[in-house]
Amino acid sequence: FGYDILIYDALYVHQPHIPAINGNRGFKAESQAKIAAEFVVYKIRNNIMPPSLSVQELDSLGTLK
């Protein structure tokens, strides 16, 4: 699974695979992709740019299991 983030109905982020991980592997569950996307939205809303995710952040969110 991956995720898309839209701002005012326009595509802002298209993430078809797990960010910060080598290769093109997607999240194992839709719920994991949703958690990661919500964290990216949090970063965008709080002007944390770029809104990229690190391996440590993904691990702390529990999306790498």
- Query: Where the side chain of Gln15 meets the backbone of Ala36, is there a donor-acceptor pair that is under 3.5 Å apart?
  - Reply: no

- Message: Holding to side-chain contact (heavy atoms from CB on, under 4.5 Å), I want the full list of residues that pass it with Leu61, two or more places apart in sequence or in another chain.
- Response: Ile35, Phe39, Thr63

- Query: Using 4.0 Å as the upper bound for N to carboxylate O, is an ion pair formed by Glu57 and Lys43?
  - Reply: yes

- Query: Can you list the residues that meet the side-chain contact (heavy atoms from CB on, under 4.5 Å) rule with Asn46, with sequence neighbours excluded?
  - Reply: Tyr42, Ile48

- Could you check Ile7 against Val13 for side chain to side chain contact (heavy atoms under 4.5 Å, CB included), going step by step and ending with a plain yes or no? CA-CA 9 Å; Ile7 296 180; Val13 174; over 6 Å; no

- Query: Any idea which heavy atoms bring Gly2 and Ala33 closest together, and the distance?
  - Reply: O-CB, 3.5 Å

- Item | Rounded distance [0.5 Å steps], CZ in Phe27 versus NZ in Lys34 | 14.0 Å

- Heavy atoms only: give me the nearest Ala37-Ile5 pair and the separation to one decimal. O-CD1, 3.8 Å

- Query: Counting heavy atoms not belonging to Glu38, are there more than 12 under 6.0 Å from its CD?
  - Reply: yes

- Query: Knowing that exactly one of Val40, Ile44, Asp4, Val41 qualifies, which makes a side-chain contact (heavy atoms from CB on, under 4.5 Å) with Tyr12?
  - Reply: Ile44

- Query: Should Ile18 and Asn24 be marked as a side chain to side chain contact (heavy atoms under 4.5 Å, CB included) after you check the CA-CA gap, both sets of side-chain angles, and the distance that decides it?
  - Reply: CA-CA 7 Å; Ile18 301 174; Asn24 293 324; over 6 Å; no

- Got a sec, which pairs hit ring pair (Phe, Tyr, Trp, His ring centres under 6.0 Å) with one end in residues 44-65, sequence neighbours left out? none

- Taking atom NZ of Lys28 and atom NZ of Lys65, what is their separation to the nearest 0.5 Å? 11.5 Å

- Query: Which pair of non-hydrogen atoms, one from Leu58 and one from Pro19, has the smallest distance, and what is that distance?
  - Reply: CD1-O, 3.0 Å

- Locate the shortest heavy-atom distance separating Leu64 from Val55; write the atom from each residue and the value. CD1-O, 3.8 Å

